Amino acid sequence: MRLPFTRRAAAGETSPGVHPQPLWSYRPQSDREAGDAVVSNLLLHWFPSKVYKPSLAWNYSAWLGTISGALFFLLVLSGLPLMFLYVPSVERAYQSVKDIEYVVTFGWWIRAVHRIGAHLMVVAVVLHLARVFFTGAYKNGVGQGQQREWNWVIGVVMLLLTLFLSFTGYLLPWDQLAFWAVTVGTNIASAVPGIGPRIRELLIGGRAIEQATLIRFYVLHIIVLPGALGGLFAYHMWRIRKDGGLARADAAALAPDAKDTGPVPTKTYTLLGVARGTSPAVTARSPEAPDQTVNAVPDLTRRALIVILGTFALVSILASAIPSPLEEPANALITPNPAKAPWYFLWLQEIVTDTTIRLGSLTINGAFLGGVILPGLLVGLLTVWPWLDKSAVSTAGLWFPRSRRRQNLLFILAMLFILAFTFVGMFMRGPYWNLYWPWETWPGIPGRI
Amino acid sequence: MEKRTNSPFPRIDRPVLAAIGIVLVGATVFFAWSDRQHDYKYYQYAFRGMVAEKLGAERAATVPSGLQQVWVPGLRRADRCVTCHQAVSWKGFETAEEPHRTHPGDLLKSHPPERFGCSACHGGQGWAIDTAAAHGEVAHWEEPLLGKPLGEAYSLTDNKAALMQMNCNICHRYERATKGAEMINLAKDLVQEKGCRACHVINGRGGTIGPDLTWVGDKAPEQYDYSRLSGQTTAFAWHVAHFKDPRALVQDTVMPNFHLSTKQAQALAMLMLSWRKAPFDAAFLPGVPRTDPQTADERKAEEDMKTGPGAWFVQTGCFVCHSIAALKVRSPAQIGPDLSTAVEDTQKRFGVTVDQFLKNPTGTMSVVLSRQIVLTPEQKETAIQKLREAFAEYQRLVAEGKNPLAPPVEAAPK
């Protein structure tokens, strides 16, 4: 039995402005119905009616943005039950996490999904940024009013928000790992000359990591940062529509054999969603030609489902297989050995170590270079890169084009540098921050009994 | 109506989506299966069977199922041990295998589980509901179960389960002797007998040559120096080795080697680790004053030493190593020779007078007099004066036939 509002309108029953299929029509019978599915559905309304086919290719975008979005959705979803169970107080936070882990129904899985999802999101967002860089997708193409470079800037801000979200979540279990990772992280922040100690005080709400820090990080973690990220995410998607979809579509339009197709007879919606510059009676160029495009429903939605559900499945399997660690309760008097920053900041901690020079009694602290100058320089460069990149517009949307070889090489080198330092920090720094080969065993950490 | 444009997209997408669907179902099954993997389900089933067999089906129906816990707010504990150890308060399972054994002894009468929980005495992780995590055989858990396996790992001499007594002493620390805690009682006797207070403050009373031991159990394991210790690098192992030979672990220590047996060293190490702050309500403290009680004789002997003719030696700290029997000063450690005869003794041992020896000491005394007890020239004159007085007193006593250095004569049987 079909519910009344899912009834497909019979032939001849349609009238202008009334969509025959109020819900998502998974198997549209006509282009009109496929377009209606997008317009009449809240979840699908941000899709264009038709999509340039190569934009959907697995090997172009690897769908990393969709994966990041799916992970963000999963994190919000798994974070909600955790908010009901977690108590943001230094006396009870640790015990409430123990309870989530041991006695709350499915609590261990929800926490593991949240944890694994957060780690994967950092990875996915960084890879997404790398993909956009390598394909020069921040370059404006043929559409009028395109502002891809600003969407790139939004993306850089979203990466920083993702890192800060993960960092604030790190403190909440209030165990030794949390406490000391945040100690290391905020100490790096305090290396800013002059105002460093004040920045640290602002971050942790005092001079020691205490209740004030916990509630500050909690509110940032559950409201401020996800709210900001969610808002920017919506704007990020909206900009993609305004800029005419992925940069790859522009590259196709610029291809030598691109030709006007002439007015499309029965067009209802702007193709590719380029709002400005084309009127509803469009003369499309070849990327919008019927053989170059597919209906968003079901071809785009199906692939999006594959990616989103695949991400869910992967996170669930990892969450069931990898137990989430919880170390000893936070203790400001006992520094675990070694005390490490969260893994995505470890390359900074490693650089801080390597640039700290001791000459007799004189110590040159590397925290300013490794903790402030270098990351500041990298983020600054990333932000202004679209304006520094003078390569031809035709190279946008292509992987490793010849004319962008030098800057892509530079980016790869920077990534390898960060990865190498992260690896050293993660696997080669043992007790007392001494260097060990990955196959060497570290001396045992003493216990009480 | 126009036909829909044929999708030029690869048709493989549909089977891929179907496969992802199957993976998602598989992931859910895997998650549900992981969630069901708890030892307690089997143990509860087994215990119900044992009760049915022994006491009948009617009693078996009263065995609770699902997660169980003892919540003790006063001790800040929620102990879920009873989820598996269901027989703890049941009679009739005294000889059953763990976890289905009745709690041995009559300790539960004075320490009912609903008031004390389990982990306050036994250690372990009360929050956990799986064996490995609950018994502390997992990473990042500092309070392992203080049971036989751990005692065996440390090769405890007699009672392998004795480590638990450390937790008894967290509440019972001010008692002279606690029923059932033999190792702790042995250690407390040793503290009196060896006079640890000569050098160490314990519960607010004692000397200052060594570190304060009142809360030594809270010292972080990272703060010990394990470089000369072989075997387990734990605070407990360090204390055992240190009691057996202090100089082997800390080269320049002045702590004497008391030639303790392994059992004594283990008992003392347990006492050290039991001296820690634990947050609990005052109601859990047994009704004894929060100091170490002393008998009237002990108090008088201490008072005599402090105010009697040998008071100078006590105040200066000589008595830590030396007795001065003629002046009724008894050294707790008795490492050095009795000073009653020092005037003669320095001639015999070093070939110099006591004046010369104090001004130019040799051997151990050269270290002690340059580091621990630094005397001004005036104080050295006083020391010589006092030593002469002690010798005079000694000679007087010998003349009277009461040699203070003679070994005590056993009372003849009547």
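Letters go in sequence order (proteins before strands), and every chain restarts at 1. All of these numbers come straight from a predicted model, not from anything done at the bench.
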Side chain, backbone, both or neither: which part of [X] has a heavy atom under 4.5 Å from chain B?
| X | result |
| --- | --- |
| A:Ala112 | neither |
| A:Gln176 | neither |
| A:Leu177 | neither |

Under 4.5 Å from a heavy atom of chain A, the part of [X] involved:
| X | answer |
| --- | --- |
| B:Phe31 | both |
| B:Arg77 | neither |
| B:Gln69 | neither |
| B:Tyr224 | neither |
| B:Leu67 | side chain |
| B:Gln232 | neither |

Are the side chains of A:Trp108 and A:Pro323 in touch, meaning some heavy atoms are under 4.5 Å apart? no
Nearest 0.5 angstrom please: B:Gln86 CD to B:Ser65 OG, how far? 8.0 Å
Does OH in A:Tyr60 sit with more than 12 non-hydrogen atoms of other residues, nucleotides or ligands closer than 6.0 Å? yes
Heavy-atom count check: over 12 atoms from other residues, nucleotides or ligands less than 6.0 Å from B:Lys148 NZ?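 No - once you tally the heavy atoms of other residues, nucleotides and ligands closer than 6.0 Å, there are 12 at most.
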Heavy-atom pair count under 4.5 Å with chain A, highest-scoring of B:Ile129, B:Asp130, B:Leu150, B:Leu146: B:Ile129
Could you have a look at B:Gln125, B:Lys219, B:Met166, B:His239 and say which one has the most heavy-atom pairs with chain A under 4.5 angstrom? B:Gln125
For B:Ala269 against B:Phe243, the heavy-atom pair lying closest together: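 It is N-CE1, 3.8 Å.
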In terms of side-chain heavy atoms, does B:Trp238 have a donor or acceptor partner in B:Asp225 at a distance below 3.5 Å?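 There is no such pair (donor and acceptor under 3.5 Å, judged by atom type) between the side chains of B:Trp238 and B:Asp225.
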Donor-acceptor contact below 3.5 Å, side chain B:Asp79 vs main chain B:Ser119: yes
